[in-house]
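Shown next, in structure tokens, is the structure this report addresses.
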Amino acid sequence: MKPASLRPFLPRSAIRRRLLPPSRHHAIQAPGTPMLQVFNDNSKHLQRERAAADVEGSRKVDYLRDEVASRLCERLLDIKRHLSSVLDLGANACNIGRALTVPVPESPPLSTRLSHLTSADSSPTLLHRDASLPFNSLLPSHTRATLGPPDQPLPFEPQSFNAVLSSLSLHWVNDLPGMLSQINRILKPDSPFLAAMLGGDSLFELRTSLQLADLTLRGGVSTHVSPLADVRDIGGLLTKAGFKMLTVDVDDIIVDYPNIFALMTDLQAMGESNAALTREPRGLRRDVMAAAEAIYRELHADGGESMPATFRIIYMIGWTEGENQPRPLERGTGQLNIKDILEVPGELKS
């Protein structure tokens, strides 16, 4: 018969420690509104920096940013006031600053309506790319400010600007409601916010072609084009951020390319490549690209040699609250009945 094995002697203090329940760690939510992460901010920053490092190549693909900046600045013609301090938020290569110096028919350049322009962007290489071009000297006063990471608040004091403009940069913001609230905070009372961003069905031709090619060759669909905000959501976001007297409209800019490869090359040179967190890190396979080219040409080229790409631009205007702004009357104070106005003369009343 084998003797029973003996456990080593443990002091009472050790026994008490072993009997204590293990500590538990609970997950808690950080204060504030939860933010949905859609884009990889670091990847987007690197894409824009690499694109701007090729100065000449980057300038060749500024056609879309220059056109949208020009159309956005045209909306300033309806604002009949002098703006002492203006912020260009997400300035890219200062495309708005360049557009402000272009002569307007029957009017001096819009740059004469402001005293100082601050161009701010998180990509220093892109922001300072055109610092030596002649348009800088045509602005009354101009400074460039490099922004920190997108998760940091804007480095401006409350009520610092008479107007904030933003052209083709907000579509990469993860926390768009938070960004709009910050813009409202740095604006003075009764001041405008004008912005243009990619949204809706932008590049739907490229998106559908890649999806069909993926589905055919791989049996599934991957994220090859970054998701974008819908125009129906913009009004609600502006209202939630505290803006008044809203105006939201949509404009489609169609650009023709010789093939799908030229389109994707230009997007890369713009720094507008896919940066969604769900994208595949290995990129597109060659057979998927070849199939997408054929599908794109079959569905969208209409038998022509060029292939159209649609950029849907969402324009928005909102004003911070001010004392002298027009306000709607309270409910029940109306003097006329809409039924009496729309009633057809001679029609019998029921």
Side-chain angles (χ1 to χ4, degrees), residues 39-40 42-69 90 92-95 98 121 123 125-127 129-130 167-169 171-172 196-214 216-218 221-228 252-313:
F39 308 113
N40 189 318
N42 185 56
S43 295
K44 177 47 57 182
H45 177 75
L46 294 176
Q47 288 176 6
R48 300 176 76 223
E49 284 287 286
R50 283 194 295 263
D54 181 7
V55 176
E56 293 304 321
S58 178
R59 286 174 179 168
K60 288 179 181 179
V61 294
D62 262 355
Y63 52 84
L64 182 63
R65 287 175 178 156
D66 287 340
E67 179 64 25
V68 175
N92 294 308
C94 300
N95 305 85
R98 184 186 294 107
D121 198 279
S123 171
T125 306
L126 185 59
L127 180 65
R129 189 198 70 184
D130 296 340
S167 179
L168 294 189
S169 62
H171 57 278
W172 292 117
M197 62 182 290
L198 287 173
D201 294 329
S202 290
L203 298 176
F204 72 91
E205 303 97 340
L206 177 63
R207 191 190 309 269
T208 55
S209 300
L210 289 172
Q211 288 175 347
L212 290 173
D214 254 346
T216 302
L217 297 178
R218 304 175 58 190
V221 176
S222 300
T223 304
H224 297 303
V225 180
S226 297
L228 298 168
D252 286 347
I253 297 178
I254 301 177
V255 182
D256 290 327
Y257 294 90
N259 49 59
I260 193 174
F261 308 103
L263 167 59
M264 301 189 73
T265 300
D266 276 16
L267 291 175
Q268 185 176 15
M270 294 177 189
E272 295 291 334
S273 299
N274 183 19
L277 288 171
T278 55
R279 76 190 192 283
E280 293 186 0
R282 294 176 296 178
L284 285 167
R285 288 176 9 191
R286 292 184 179 181
D287 57 341
V288 174
M289 282 289 294
E293 158 76 14
I295 294 172
Y296 200 128
R297 193 169 295 279
E298 178 68 23
L299 294 180
H300 306 293
D302 295 330
E305 295 183 359
S306 62
M307 301 168 63
T310 302
F311 297 90
R312 177 154 294 178
I313 314 298

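Hydrogens, waters and symmetry mates play no part in the numbers below; they use all other heavy atoms, side chains included.
- Taking 4.5 Å as the limit, some side-chain heavy atom of Ile253 sits within range of a side-chain heavy atom of Val255.
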Does Asp252 form a side chain to side chain contact (heavy atoms under 4.5 Å, CB included) with Phe311? I'd like the steps, not just the answer. CA-CA 6 Å; Asp252 286 347; Phe311 297 90; over 6 Å; no

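- Here the side chains of Asp201 and Thr310 are not in contact, with every heavy-atom distance at 4.5 Å or above.
- When all heavy atoms of Arg218 and Arg285 are compared, the closest pair comes out as CG-NH1, 3.8 Å.
- Atom-to-atom distance recorded for Leu212:CG and Leu299:CG is 6.5 Å, nearest 0.5 angstrom.
- By the 6.0 Å contact criterion, CD on Glu49 is enclosed, its count of non-hydrogen atoms from other residues, nucleotides or ligands being greater than 12.
- The structure places OG of Ser273 at 12.0 Å from CG of Leu46, a figure rounded to the nearest 0.5 Å.
- The nearest pair of heavy atoms linking Ala275 to Trp172 is CB-CZ3, 3.9 Å.
- Nearest approach of Gly271 to Ala51, heavy atoms of both residues: N-CB, 3.7 Å.
- For the residue pair Asn259 / Tyr296, no side-chain donor-acceptor distance below 3.5 Å is found, with atom types taken as modelled.
- The one candidate from Glu293, Glu205, Arg297, His300 that meets the side chain to side chain contact (heavy atoms under 4.5 Å, CB included) condition with Ile260 is Glu293.
- With a 4.5 Å cut-off on side-chain heavy atoms, Ser43 and Arg279 count as touching.
- Between atom CZ of residue Arg50 and atom OG of residue Ser58 there is a gap of 13.5 Å, rounded to the nearest 0.5 Å.
- Using a 4.5 Å heavy-atom threshold, the side chains of Lys44 and Phe39 count as separate.
- When every heavy atom of Ala269 is checked against every heavy atom of Gly57, the shortest pair comes out as CB-O, 4.3 Å.
- Of the inter-residue distances, the one linking Ile313 atom CD1 with Leu168 atom CG reads 5.0 Å to the nearest 0.5 angstrom.
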Under the criterion side chain to side chain contact (heavy atoms under 4.5 Å, CB included), I'd like the reasoning laid out for Leu228 against Arg207: C-alpha separation, chi angles, the key distance, then a yes or no. CA-CA 12 Å; Leu228 298 168; Arg207 191 190 309 269; 4.3 Å; yes

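- Considering CG of Leu64 and CD of Glu67, their distance stands at 8.5 Å, rounded to 0.5 Å.
- A donor and an acceptor atom, one from each side chain of Arg48 and Asn92, are located under 3.5 Å apart.
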Go through the steps to decide whether Leu284 and Leu210 satisfy the test side chain to side chain contact (heavy atoms under 4.5 Å, CB included), and finish with yes or no. CA-CA 9 Å; Leu284 285 167; Leu210 289 172; 4.1 Å; yes

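- Looking at heavy atoms from C-beta onward, Val288 lies out of side-chain contact with Thr216 at the 4.5 angstrom threshold.
- Taking every heavy atom of both residues into account, Ile254 and Pro308 meet most closely at CG2-CB, 3.8 Å.
- In this structure, the side chains of Gln268 and Gln47 stay at 4.5 Å or more apart for every pair of heavy atoms.
- Taking each heavy atom of Ser202 and Leu198 in turn, the nearest pair found is OG-CD2, 3.8 Å.
- Atoms CE and CZ, on Met307 and Phe261 in that order, are 8.5 Å from each other to the nearest 0.5 Å.
- Using a 4.5 Å heavy-atom cutoff, the side chains of Val61 and Glu272 are not in contact.
- Looking only at distances, a side-chain donor or acceptor of Arg65 sits under 3.5 Å from a matching main-chain atom of Met270.
- Using a 4.5 Å heavy-atom threshold, the side chains of Leu206 and Leu263 count as touching.
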Can you list the steps and then say if Asn95 with Ser167 is a side chain to side chain contact (heavy atoms under 4.5 Å, CB included)? CA-CA 8 Å; Asn95 305 85; Ser167 179; 5.9 Å; no

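- Under 4.0 Å is where a charged nitrogen must lie from a carboxylate oxygen, and between Asp62 and Arg129 at least one such pair does.
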